[in-house]
2 protein chains.
Amino acid sequence: MGTTKSEVFTEEENRISDLAKAFAHPARVAILRLLAEKKACVCGDLVDELPLSQATVSQHLKELKRIGIIKGDIAPPRVCYCIDEVVWNEAMQSFGLLFSSYLKNGCC
Amino acid sequence: MGTTKSEVFTEEENRISDLAKAFAHPARVAILRLLAEKKACVCGDLVDELPLSQATVSQHLKELKRIGIIKGDIAPPRVCYCIDEVVWNEAMQSFGLLFSSYLKNGCC
DNA sequence: CTAATTCATCGCAATATTACGATAAATATT
DNA sequence: AATATTTATCGTAATATTGCGATGAATTAG
């Protein structure tokens with residue numbers, strides 16, 4: 001155990017939970033915010049902005065890339081990271097739908 | 001290690017990541033959906049609806065309660081769970097702000 | 001060609017998460 | 001009082017996550 005039983009859930013449930021993971025760590029929230037707000041997309045500057053080691057930041061970036069919400073433009077020796085607009089919008093819409101599916105019914 | 005360095009992040013970053021954790025597991029997404037969409041709030045019926053053991057469902061409910069996004073009305077031997085409207089709205093607003101903070105700038 | 005720079009990855013350690021059977025707690029039913 | 005119902009919690013096991021130092025890979029600068 002320790003493993004999520006992904007097989008028994010729907011594609012959508014798994015996708016939403018994966019998208020949520022992008023925001024489920026303060027460092028990743030900070031990274032996504034920096035990338036979302038910056039006029040230009042920051043690169044290794046992220047390491048300077050964050051109170052974590054370069055290795056750790058790199059690992060978070062890898063996770064965000066796995067989810068697809070950011071992408072990296074390789075321009076060696078640098079890599080320029082930025083939000084993937086398509087996935088960002090997918091996340092926005094998915095969460096939007098989920099949040100608006102709540103109908104008050106005053107049961108509790 | 002294995003522990004998130006919460007101290008070095010802002011309150012808001014920590015709060016958002018915590019709220020995101022509510023959605024960061026397919027079972028919790030399923031639970032929140034059921035509670036959000038149901039006319040009446042489901043109780044132990046959640047266990048029947050989910051492909052997980054009672055103990056596991058109870059653990060996910062505990063985590064959702066810790067975050068605050070659901071609350072349970074004890075009516076022994078049953079407990080009636082439902083969305084906490086205040087926290088649900090807090091999450092909706094926080095994610096809404098975050099998502100809308102993205103300004104396309106066509107860097108990558 | 002030799003640094004220097006930037007970033008990814010490896011290896012390790014420690015904690016967190018996920019899952020479940022078994023059991024306990026609390027009440028309603030008989 | 002004894003039993004059944006419902007939910008929480010404990011204990012255990014396995015995997016995942018977080019974090020970092022060290023190292024490697026790739027390119028640029030000197």
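Below, chains carry the letters A, B, ... as their sequence lines are ordered, and counting in each starts from 1.
If you measure from atom CG of A/D48 to atom C1' of C/dC7, you get 13 Å, rounded to the nearest angstrom. If you measure from atom NZ of A/K5 to atom P of C/dT17, you get 20 Å, rounded to the nearest angstrom. Taking atom CG of A/L50 as the reference point, atom P of D/dG19 lies 11 Å away to the nearest angstrom. Rounded to a whole Å, the CE atom of B/M1 is 9 Å from the C1' atom of D/dG21. Atom P of nucleotide D/dT7 and atom CD1 of B/I70 are separated by 12 Å, given to the nearest angstrom. Going from atom CD of A/E49 over to atom P of C/dC7 covers 13 Å, rounded to whole Å. Across the protein-nucleic acid pair, A/I31 atom CD1 and D/dG19 atom P stand 10 Å apart, rounded to whole Å. As a whole-Å value, the separation of B/I74 CD1 from C/dA26 P is 11 Å.
Listed candidates were C/dA19, D/dT9, D/dG19. Nearest to the side chain of B/K62 is D/dT9. Nearest to the side-chain atoms of B/K21 among the listed nucleotides C/dA14, C/dT18, C/dT17 stands C/dT17. Nearest nucleotide to the side chain of B/T4, out of C/dT27, C/dA8, D/dG19: D/dG19. Side-chain proximity of B/S53 to C/dG21, D/dT7, D/dT18: nearest is C/dG21. Between C/dC7, C/dC20, D/dC20, one nucleotide has an atom nearer to the side chain of A/A55 than all others, and that is D/dC20. Among D/dA8, C/dC7, C/dT15, the nucleotide with an atom closest to any side-chain atom of B/Y81 is D/dA8. Considering only the side chain of B/T3, C/dA16 comes nearest among C/dA16, D/dT27, C/dC20.
Heavy-atom contacts from other residues, nucleotides or ligands closer than 6.0 Å to CD of A/E11 number 12 or fewer.
The residue among A/G2 and A/L61 whose nearest nucleotide of DNA chain C is located toward the 5' end is A/L61. Nearest-nucleotide mapping onto DNA chain D: of A/R28 and B/V79, the residue sitting toward the 5' end is B/V79. Mapping A/K65 and B/A24 onto DNA chain C by nearest heavy atom places A/K65 at the nucleotide closer to the 5' end.
B/Q54 comes within 4.0 angstrom of a base, heavy atoms only. Contact annotation for B/P77: base contact, defined as any heavy-atom pair under 4.0 Å involving a base atom. Base contact: A/T56 has a heavy atom under 4.0 Å from a base atom. Among the heavy atoms of the strands lying under 4.0 Å from B/L52 are primed sugar atoms or P, OP1, OP2 only; no base atom is included. Heavy atoms of A/S58 sit under 4.0 angstrom from at least one base atom.
Salt bridge status for A/E12 with A/R15: absent, with no side-chain N to carboxylate O gap under 4.0 Å.
A donor-acceptor pair under 3.5 Å is formed between the side chain of B/N14 and the backbone N or O of B/S6. One N or O on the side chain of B/S17 and one on the backbone of B/E13 form a donor-acceptor pair closer than 3.5 Å. No donor-acceptor distance shorter than 3.5 angstrom exists from the side chain of A/S94 to the backbone of A/A91, with no hydrogens or angles considered.
Of the side-chain N and O atoms in A/H60, one or more sit less than 4.0 angstrom from OP1 or OP2 of D/dG19. A close approach under 4.0 Å does not occur between any side-chain nitrogen or oxygen of B/R78 and OP1 or OP2 of C/dA28.
A donor-acceptor contact under 3.5 Å is not formed by the side chain of A/Q59 with the base of C/dA8.
Contact detail for B/F95 and B/I16: the closest heavy-atom pair is CZ-O, 4.1 Å.
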